[in-house]
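Throughout, protein chains are lettered first and strands after them, A, B, ... in sequence-line order, and every chain is numbered starting at 1.
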Amino acid sequence: MSKPHIDVRYVANLARLELNEAEVAEFQGQLDAILGYVETISLLDVSGIEPTAYPSPVFDRMRDDEPHESLPLAAVLQNAPDQAQNQIRVPKVVADA
Amino acid sequence: MSLLSLRDQLRSGSVTPSGLLDDLAGKIVSRDPEIGAYLSHDLAAAKAEAASVDLSLPLGGIPIAIKDNMNVLGQPCTCGSKFLSENYTSPYDATVIRKLRAAGAIPFGRLNMDEFAMGSATENSALQITRNPHDLDRIPGGSSGGSAAAVASGTAFAALGSDTGGSIRQPASHCGIVGLKPSYGRVSRFGLVAFASSLDQIGPMTQTVEDAALLLGAIAGYDPQDSTSLDRPVPDYLATLNDGVKGLKIGLPKEYFGDGIDPGVRELVMAAANKLAAAGAELVEISLPHTEYAVATYYVIAPAEASSNLSRFDGIRYGHRAANPADLLDLYRRSREEGFGPEVKRRIILGTYVLSSGYHDAYYTKAQKVRTLIRRDFETAFETVDAVLSPVAPSTARKLGESAHDPLREYLSDIFTLAANLAGNCAISVPCGKVGQLPVGVQILGPHFGEAKLLQIAKAVEG
């Protein structure tokens, strides 16, 4: 089996994470070493074994669909880095016509 | 002082809730600067709450310190990260905080942690270093290192921590206190900032087993706002605490006593096992055959879930936002670059990788299947034994800075604690002695929702 290798810059972009050159260099060796270790599970035969997503015997439960009070607007907006007219302001996302 | 004796004093009027808060605030000012357990505390808010507290409640008037990843209305919640340390104020109470208040407790003080709970030394906090009260050159463990150090140094009577792969038990072991990770589904995580949602649990970190039982009783229970919490009755954990261990079978997994454990740690853990035997328990050697795969399995599943959970930190609705973004994508990318520290970035990249197209089945699905095998190991073991006993960590607290730049080495030290989170069992760390001046904890693991018996065994270890 070939040695596992992460394309750090490509994956960081998928995660919407800017990295500087020093970080790419540092993470490359560390992440390849971690992945190399993780390969130990590839040796295990798991054919016919069901995956476990949650360790609880009960999941996918819904609470009753009853209306209840939401957080007040001021509480929702209090942590927004930028806001205007009771809304969160973001950079323009559509191009000029 | 134990929570129960504190409660007696409060009820008798020999101390007042307000006076207790003043004492703690004084200790935080005088003792904490050399420890670094606290990130913030709000004496005025706590005293306002103390003014109307009902002392007849189970925790009436008792201050409890909180790891800085649980929302407390009107207080900061930094998660040990620059992303949230600049301008985030919690707009609501986490369910555990609501339950503590309903039991009369007063949330007071916010405790340092590895950034977003990712780490085993609290050195990944972006905000400050926390030192082990037993040796200031050493780590307190992590990620709930601030919680453990505060309780151990007497600047908190008790604290809440969170445990995703050992983050309550390992710092409890390193600081010589009791730390309980409840079963998955026992305690609501609503309002806990999510790290890995199939693994995270909130639990008590206390001076005594009795305190852990008292505190667990207050925070446990079903919560419609956390669909993974289970609707099962909460027993009176104090009622059975002193029932002893006569006739109980305690399993010693041979895979947990192999090479790589410091001889001093092994000796103390075995002494704890022998103490249980002397009290009437039967020690049985068992096997948990997939133990060697636990670290690899965990470090696929936990980063995968973290990469998904932490995508909410995008600089839009709360937390850090980069200045002068060129466009929306630039805002996301630079806000996350500036806001997250290196360990969080590593895990986001690792998690994104194992979930990405072409690698998902080889890593993530495979790890989920190995998780099934690890879970079955415990199910099989609990068919024949009442509890499993093991070390918490292979060694005592290491020196600060010793694992810098070697994350894999740090991950491997989590070997004994990860499996309980993967399997969803309850597990507790109880002090069992010291090597030199450094505390050692013994881990006891119980079946799903087996906290009452777990605490009962822990009490017998404590003596």
Side-chain angles (χ1 to χ4, degrees), chain A residues 4 6-20 23 26-27 29-31 33-44 46-64 71-72 74-82 88-93, chain B residues 87-89 91-92 184-185 198 224-225 227-228 230 292-293 295-297 299-300 307 311 314-321 325 327-329 331-334 336-337 340 342 345-346 348-350 352-353 356 362-363 365-373 375 405 407-408 411 422-424 448:
Chain A
I6 295 188
D7 182 342
V8 170
R9 199 172 280 289
Y10 174 77
V11 178
N13 181 53
L14 292 178
R16 299 294 180 249
L17 193 58
E18 183 91 34
L19 294 181
N20 61 42
E23 285 174 313
E26 186 190 356
F27 293 167
Q30 292 169 336
L31 289 169
I34 293 164
L35 265 195
Y37 176 77
V38 161
E39 288 287 308
T40 54
I41 58 171
S42 69
L43 305 171
L44 205 57
V46 291
S47 48
I49 306 291
E50 285 292 308
T52 294
Y54 282 92
S56 171
V58 183
F59 46 89
D60 280 349
R61 292 172 323 143
M62 301 288 185
R63 67 169 176 256
D64 294 338
L71 281 180
V76 173
L77 288 174
Q78 73 183 18
N79 291 309
D82 193 8
I88 295 168
R89 183 150 58 186
V90 298
K92 198 157 87 168
V93 291
Chain B
N87 58 356
Y88 179 85
T89 303
Y92 66 98
Y184 191 78
S198 80
Q225 289 183 287
S227 68
T228 65
L230 295 188
E292 64 177 300
Y293 302 105
V295 175
T297 303
Y299 280 99
V300 172
S307 71
S311 62
D314 56 6
I316 300 293
R317 291 152 298 163
Y318 41 73
H320 178 73
R321 180 184 287 195
D327 53 28
L328 191 63
L329 200 59
L331 184 157
Y332 292 152
R333 292 168 54 103
R334 283 200 296 119
R336 289 161 67 78
E337 155 72 354
F340 291 140
K345 288 175 183 166
R346 271 191 292 271
I348 287 174
I349 294 167
L350 187 60
T352 303
Y353 178 77
S356 62
Y363 288 106
T365 309
K366 179 105 192 194
Q368 286 189 314
K369 290 180 177 177
V370 182
R371 186 177 188 178
T372 302
L373 297 175
R375 187 167 55 81
H405 311 299
L408 180 57
Y411 296 174
L422 290 168
H448 204 229

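- Annotation: maximal heavy-atom pairing with chain B below 4.5 Å, among A:Gly29, A:Pro81, A:Pro91, occurs at A:Pro81.
- Residues A:Leu19 and B:Glu337 have side chains in contact (heavy-atom distance under 4.5 Å, counting atoms from C-beta outward).
- In terms of heavy-atom proximity, B:Tyr353 sits nearest to A:Val11 at N-CG1, 3.7 Å.
- In this structure, chain A has heavy atoms under 4.5 Å from both the backbone and the side chain of B:Tyr363.
- In terms of heavy-atom pairs under 4.5 Å with chain A, the best-connected choice from B:Pro325, B:Ala362, B:Pro342 is B:Pro342.
- Put simply, the side chain of B:Arg371 gets close to the backbone of A:Ala53: a donor and an acceptor are under 3.5 Å apart.
- When heavy atoms are compared at a cutoff of 4.5 Å, A:Leu71 approaches chain B solely by way of its side chain, counted from C-beta outward.
- When the candidates A:Leu44, A:Val46, A:Asp82, A:Asp64 are compared by the number of heavy-atom contacts under 4.5 Å with chain B, A:Leu44 comes out ahead.
- Proximity to chain A (any heavy atom under 4.5 Å) is shown, for B:Ile349, by both the backbone and the side chain.
- Contact of A:Ile88 with chain B is made through the side chain alone, with heavy-atom distances under 4.5 Å.
- For A:Val93, the part lying near chain B is the side chain, with the backbone staying farther off; criterion is any non-hydrogen pair under 4.5 Å.
- Within the 4.5 Å cutoff, the side chain of B:Thr89 has heavy atoms near those of the A:Asn79 side chain.
- Of the listed residues (B:His320, B:Lys369, B:Arg375), the one with the most heavy-atom contacts under 4.5 Å to chain A is B:Lys369.
- One distance of note links CD of A:Gln30 with CG of B:Leu350; it measures 11.5 Å at 0.5 Å rounding.
- Proximity to chain B (any heavy atom under 4.5 Å) is shown, for A:Asn20, by both the backbone and the side chain.
- Of the atoms belonging to B:Ser311, not a single heavy atom falls under 4.5 Å from chain A.
- Ranking A:Ile49, A:Val38, A:Val8 against chain B, the residue ahead of the rest is A:Ile49, based on heavy-atom pairs under 4.5 Å.
- The structure places CG of A:Asn13 at 7.0 Å from CG of B:Leu329, a figure rounded to the nearest 0.5 Å.
- B:Thr372 places a side-chain N or O within donor-acceptor distance of the main-chain N or O of A:Thr52, the cut-off being under 3.5 Å.
- Both the backbone and the side chain of B:Gln225 come within less than 4.5 Å of a heavy atom of chain A.
- Contacts of B:Thr297 with chain A are made by both backbone and side-chain atoms, with heavy-atom separations under 4.5 Å.
- Here A:Pro51 is the residue among A:Pro51, A:Pro72, A:Ala75 with the most heavy-atom pairs under 4.5 Å with chain B.
- The greatest number of non-hydrogen atom pairs below 4.5 Å with chain B, out of A:Leu14, A:Val90, A:Ile41, is found for A:Ile41.
- Nearest heavy-atom pair, A:Tyr37 versus B:Glu292, reported as atom, atom and distance to 0.1 Å: OH-O, 4.1 Å.
- B:Tyr299 is linked by a ring pair (Phe, Tyr, Trp, His ring centres under 6.0 Å) to B:Tyr411, counting only residues two or more places apart in sequence or in another chain.
- Atom-to-atom distance recorded for A:Arg89:CZ and B:Arg321:CZ is 9.0 Å, nearest 0.5 angstrom.
- Taking B:Ala423, B:Pro407, B:Gly424 one by one and counting their heavy-atom pairs under 4.5 Å with chain A, the maximum is reached by B:Pro407.
- In this structure, chain A has a heavy atom under 4.5 Å from the backbone of B:Leu422, while its side chain stays farther away.
- With a 4.5 Å cut-off on side-chain heavy atoms, A:Leu17 and B:Phe340 count as touching.
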